[in-house]
Amino acid sequence: MTGRFWYEIASAFGFGVVSSLVPILNSEIFIVGSLASGLLGPVEVAIGLALGHGVGKVMMFWAVRNGRRLKWFAPRPKKPVPDGSWRARWRRWNARAAHLVESPRWGMPILIFSAVSGIPPVYLVVIYAATTKMKFGWFSLWVTVGFFIRCYALALATHWGVHLVI
């Protein structure tokens, strides 16, 4: 393991942390660009991005979970809304989504599927997971593993595609 190997992992890690917190920065474009230019290898980019995404999503998880305790973000009393209004439907939908993410049967599969495929967006799943009783250890493990699978699959596809063209 050379200094270049660690440099590649560190640069992918840094981008992974930032892109997990700022949704406009796209990891898939980073993977394609870095592999097409030959700056990073597929294993290095997958490891770095997965660990970076894992750290970034864990930071989001803790910020949402513990931020509710701050007086600025403390839950306010809910205003009554009419039953047929869009706000009532929105609250019911949010309650169902949070219940699915919190469920021992569906929570982890939703999280893993989201981390691997991006459907539903991981950003939203993290917010829902942090508001439920999902265990932190399982959350951090599976979001990182899911991102590794996603990044490595795209890195290999890009790597093989670049070699087919050249």
Side-chain angles (χ1 to χ4, degrees), residues 1-68 70 72-73 94 97-98 100-104 106-166:
M1 293 194 197
T2 64
R4 180 182 167 106
F5 174 81
W6 293 110
Y7 166 76
E8 291 175 358
I9 287 182
S11 62
F13 176 82
F15 189 84
V17 170
V18 173
S19 70
S20 69
L21 299 173
V22 181
I24 294 173
L25 299 174
N26 194 320
S27 295
E28 288 79 7
I29 293 174
F30 178 81
I31 291 170
V32 171
S34 61
L35 288 172
S37 66
L39 293 175
L40 302 177
V43 173
E44 293 86 353
V45 76
I47 291 171
L49 278 176
L51 292 175
H53 272 288
V55 167
K57 295 305 180 190
V58 163
M59 289 167 44
M60 270 182 63
F61 185 90
W62 276 109
V64 171
R65 183 166 277 182
N66 295 325
R68 296 185 326 171
L70 298 174
W72 300 291
F73 301 115
N94 272 333
L100 277 176
V101 172
E102 184 178 32
S103 159
W106 294 106
M108 287 304 148
I110 289 172
L111 179 65
I112 294 167
F113 186 76
S114 176
V116 171
S117 70
I119 301 170
V122 182
Y123 207 84
L124 295 177
V125 174
V126 170
I127 291 170
Y128 277 114
T131 60
T132 66
K133 296 174 186 169
M134 183 179 280
K135 294 186 191 263
F136 172 74
W138 288 115
F139 168 82
S140 59
L141 172 72
W142 289 116
V143 78
T144 305
V145 168
F147 270 120
F148 177 77
I149 293 168
R150 178 182 186 174
C151 293
Y152 194 59
L154 182 60
L156 286 179
T158 303
H159 185 71
W160 291 333
V162 167
H163 287 296
L164 288 176
V165 174
I166 295 178

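Keep in mind that the numbers below use all heavy atoms, side chains included, and drop hydrogens, waters and symmetry copies. Because the structure is a prediction, the values reported are computed rather than measured.
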Report task. Decide yes or no on side-chain contact (heavy atoms from CB on, under 4.5 Å) for F113 and V116, but give the supporting numbers first. Result -> CA-CA 5 Å; F113 186 76; V116 171; 5.9 Å; no

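- In this structure, the side chains of R150 and V122 come closer than 4.5 Å at one or more pairs of heavy atoms.
- With a 4.5 Å cut-off on side-chain heavy atoms, L111 and W138 do not count as touching.
- The 12-atom threshold is not exceeded at OH of Y7, counting heavy atoms of other residues, nucleotides or ligands nearer than 6.0 Å.
- Atom CE of M60 and atom CG of L21 lie 7.0 Å apart (nearest 0.5 Å).
- Using a 4.0 Å cut-off between charged nitrogen and carboxylate oxygen, E44 and R4 do not count as a salt-bridge pair.
- Closest heavy-atom contact between S20 and G56: OG-CA, 3.0 Å.
- When all heavy atoms of L40 and S11 are compared, the closest pair comes out as CD2-OG, 3.7 Å.
- Below 30°, between 30° and 60°, or above 60°: for F30 and F15 the angle between ring planes is below 30°, a parallel geometry.
- Proximity of T131 to R65: side-chain heavy atoms (C-beta onward) are nowhere separated by under 4.5 Å.
- Residue M134 comes nearest to A129 through the heavy atom pair SD-CB, 3.7 Å, listed as atom of the first residue, atom of the second, then distance.
- To the nearest 0.5 Å, the span separating CG on L141 from CD1 on I112 amounts to 8.0 Å.
- For the pair W142 and A115, the tightest heavy-atom approach, listed with the atom from each and the gap, is O-CB, 4.4 Å.
- Looking only at side-chain heavy atoms (C-beta outward), K57 and Y123 come within less than 4.5 Å of each other.
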Query raised in the report: Can you list the steps and then say if L154 with E28 is a side-chain contact (heavy atoms from CB on, under 4.5 Å)?
Result: CA-CA 7 Å; L154 182 60; E28 288 79 7; 3.5 Å; yes

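- Here the closest non-hydrogen pair linking N66 and W62 is ND2-CE3, 2.6 Å.
- The CD1 atom of I127 sits 10.5 Å away from atom CG of N94, with the distance rounded to the nearest 0.5 Å.
- When side chains are defined from C-beta on, W106 does not count as touching V101, because their heavy atoms never get closer than 4.5 Å.
- A side-chain N or O of H53 and one of S27 form a donor-acceptor pair less than 3.5 Å apart.
- A heavy-atom distance below 4.5 Å is found between the side chains of L35 and P42.
- Taking the six-membered ring where tryptophan is involved, the planes of F139 and F61 are essentially parallel, since the angle between them stays under 30° and well short of 60°.
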Query raised in the report: Does the pair L49 and I31 meet the rule for a side-chain contact (heavy atoms from CB on, under 4.5 Å), with working shown?
Result: CA-CA 9 Å; L49 278 176; I31 291 170; 3.3 Å; yes

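- No donor-acceptor pair under 3.5 Å is formed between the side chain of K133 and the backbone N or O of E102.
- In this structure, the side chains of C151 and V45 stay at 4.5 Å or more apart for every pair of heavy atoms.
- L100 is listed as a side-chain neighbour of I110, based on a closest heavy-atom distance under 4.5 Å.
- Minimum interatomic distance between S140 and V58 (heavy atoms only, all atoms of both residues): CB-CG2, 3.6 Å.
- S114 contributes a side-chain N or O that, together with a main-chain N or O of P120, makes up a donor-acceptor pair within less than 3.5 Å.
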Query raised in the report: Under the side-chain contact (heavy atoms from CB on, under 4.5 Å) criterion, do L51 and F148 qualify, and how do the steps go?
Result: CA-CA 8 Å; L51 292 175; F148 177 77; over 6 Å; no

